[in-house]
J.: 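If you scroll down you'll find the structure; I have some questions about it.
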Number of protein chains: 2
Amino acid sequence: MQVDRAKKRILLIEPSLMVSKGFASLLDDAIGYQFVATSSNVSRIQELIVSNRPDIVVFNPSIMSFQHRTSIRSFMNIPSEMALVALVYTFVDEWIMAQFDAVLTVNDDQTQIVNKLNGIKVTANSSDKAENEELSDRENEILGCVVKGMTNKEIAEKHFISIHTVITHRKNIVRKTGIKSVSGLTVYALLNNLITYEDIE
Amino acid sequence: MQVDRAKKRILLIEPSLMVSKGFASLLDDAIGYQFVATSSNVSRIQELIVSNRPDIVVFNPSIMSFQHRTSIRSFMNIPSEMALVALVYTFVDEWIMAQFDAVLTVNDDQTQIVNKLNGIKVTANSSDKAENEELSDRENEILGCVVKGMTNKEIAEKHFISIHTVITHRKNIVRKTGIKSVSGLTVYALLNNLITYEDIE
DNA sequence: AGTACCATCCCCACAAATGAGGATTATGAT
DNA sequence: ATCATAATCCTCATTTGTGGGGATGGTACT
């Protein structure tokens with residue numbers, strides 16, 4: 001793999017080998033970009049950044065959960081001169097999108113990918129503006145139960161607390177997320193990896 | 001692309017070019033299988049089946065919606081001697097899984113894919129046993145509203161029917177699907193492409 | 001010491017959903 | 001013609017959830 005400094009160097013962190021290979025194959029013929037490394041493992045990201053010095057880190061956010069809404073860039077310790085780009089299979093929520101300089105999907109064709117990568121502003125500084133109120137651990141726990149279809153009474157009994165406490169937690173969850181409906185909360189929980197499809201029904 | 005009758009011939013119907021390329025690349029080195037064609041378009045499936053005569057049709061079920069639970073094999077008119085295999089990005093519901101002779105995911109590596117393909121029974125006859133009660137059009141409509149977080153009253157007003165009717169529809173939905181909770185119904189609706197993430201919240 | 005937040009608990013009034021009955025009309029298939 | 005089903009409407013009783021107030025003790029940071 002030869003180093004060509006005219007081309008932007010791309011590092012991909014993606015759990016699926018199939019998608020990695022497809023991504024590499026699409027990038028192969030693309031002008032101006034060069035695929036330098038891939039890993040399915042978040043823990044190797046530091047090592048790969050140091051050894052490959054990519055210009056762009058493409059990262060599948062489903063690989064980790066973001067209950068605690070710290071900045072992805074700072075959490076993964078990605079230098080600010082490198083662009084941070086998401087690669088997703090389906091829809092992700094706004095907060096996650098806002099963390100990235102661009103969002104690619106597996107359904108993008110080569111042109112779309114190149115256009116999105118070209119559109120990255122070089123002054124890439126994730127603003128950390130996302131000052132959303134975080135849910136507390138207890139609130140996340142209660143939310144998990146709510147979206148699994150448990151009633152307040154059941155949740156109370158499971159956690160050995162009063163039903164009033166459960167209701168209070170739910171009020172705070174609704175206030176913080178701004179989401180009133182159970183279906184909306186279900187989607188929130190799915191998108192934030194608080195639960196998986198299998199947990200429900 | 002040479003014809004090698006010792007190898008099982010695979011036709012892929014997959015909307016994502018990235019995934020198609022990755023799949024082809026993984027199959028390339030696999031022993032006993034040969035990638036013969038791909039398309040992102042369901043409507044071309046007939047044409048491709050006739051011209052390529054694959055042994056295995058790999059199909060991403062997200063490409064179409066299955067409100068009406070007819071057999072996928074018969075709906076797409078796939079000859080019974082061809083194996084029908086799903087390729088999915090995430091979890092899909094049991095009914096859809098049951099329609100296929102095998103279910104691959106994008107996270108599978110080459111070994112897993114080959115193992116799953118090897119595991120296909122040659123007497124592949126989708127049993128059509130899935131005799132689940134279908135939801136009627138009206139019920140699907142009401143379900144869509146429910147998982148968007150609308151109250152019975154709102155649904156009634158939207159459809160110019162009595163709230164009692166809405167409640168009756170919901171009772172029938174619960175009876176037919178066996179799913180009591182709104183979160184479970186939300187997942188059902190997502191998995192059956194009755195709604196998308198964007199519809200909610 | 002003050003502030004902020006968390007987790008816990010309570011009250012009240014009202015809205016909404018559930019569960020178990022029942023009913024009518026219309027349509028389409030055997 | 002009979003049967004099944006969809007779609008509509010209804011009652012009654014009960015359970016759950018919502019929205020608006022509170023309150024207390026604890027922890028953690030400044």
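We use all heavy atoms of the structure for the numbers below, so side chains are in, but hydrogens, waters and symmetry mates are not. Within every chain, numbering begins at 1; the chains are lettered A, B, ... in the order of the sequence lines, protein sequences first and strands thereafter.
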J.: Can you tell me how far C1' of C:dT18 sits from NZ of B:Lys180, to the nearest Å?
T.: 9 Å

J.: Can you tell me which nucleotide in D:dC10, C:dC9, C:dC6 comes closest to the side chain of B:His164?
T.: D:dC10

J.: Determine to 10° how strongly the helix from C:dA1-D:dT30 to C:dT30-D:dA1 is bent, judged from the axes of its five-pair ends.
T.: 50°

J.: Where each residue is assigned the nucleotide of DNA chain C containing its nearest heavy atom, which of A:Arg175 and A:Ser162 is assigned the position nearer the 5′ end?
T.: A:Arg175

J.: Kindly write out the residues that satisfy side-chain contact (heavy atoms from CB on, under 4.5 Å) with A:Glu157, not counting sequence neighbours, or none if the list is empty.
T.: A:Lys153

J.: According to side-chain hydrogen bond (donor to acceptor under 3.5 Å, both in side chains), who are the partners of A:Thr165, at least two apart in sequence or on a separate chain?
T.: none

J.: To check you understand the geometry: which heavy-atom pair defines the closest contact between A:Val106 and A:Tyr89, and what is its length?
T.: CG1-CD2, 3.5 Å

J.: Whole-Å distance between D:dC9 P and B:Arg170 CZ?
T.: 17 Å

J.: Can you confirm whether B:Ser39 sits close enough to B:Glu47 that some side-chain heavy atom of one is under 4.5 Å from a side-chain heavy atom of the other?
T.: no

J.: Could you work out which one of C:dC10, D:dC9, C:dG19 sits closest to the side chain of B:Thr165?
T.: D:dC9

J.: Mind listing the closest non-hydrogen atom pair of B:Thr38 and B:Leu11 along with its distance?
T.: N-CD1, 4.3 Å

J.: If you apply the rule salt bridge (charged side-chain N to carboxylate O under 4.0 Å, His left out), what do you find for B:Lys21 with B:Glu14, and how did you get there?
T.: CA-CA 10 Å; B:Lys21 280 182 170 269; B:Glu14 160 61 46; over 6 Å; no

J.: Please name all residues satisfying salt bridge (Lys or Arg N to Asp or Glu O under 4.0 Å) with A:Glu154, sequence neighbours left out, ordered by chain then number.
T.: none

J.: Going 5' to 3' along nucleotides 20-30 of chain D, which nucleotides have protein heavy atoms under 4.0 Å from the base (write B), which only from the sugar-phosphate (write S), and which from neither (write -)?
T.: BB---------

J.: For DNA chain C, which residues of residues 143-160 of chain B approach it to below 4.0 angstrom with any heavy atom?
T.: B:Thr151, B:Asn152, B:Lys153

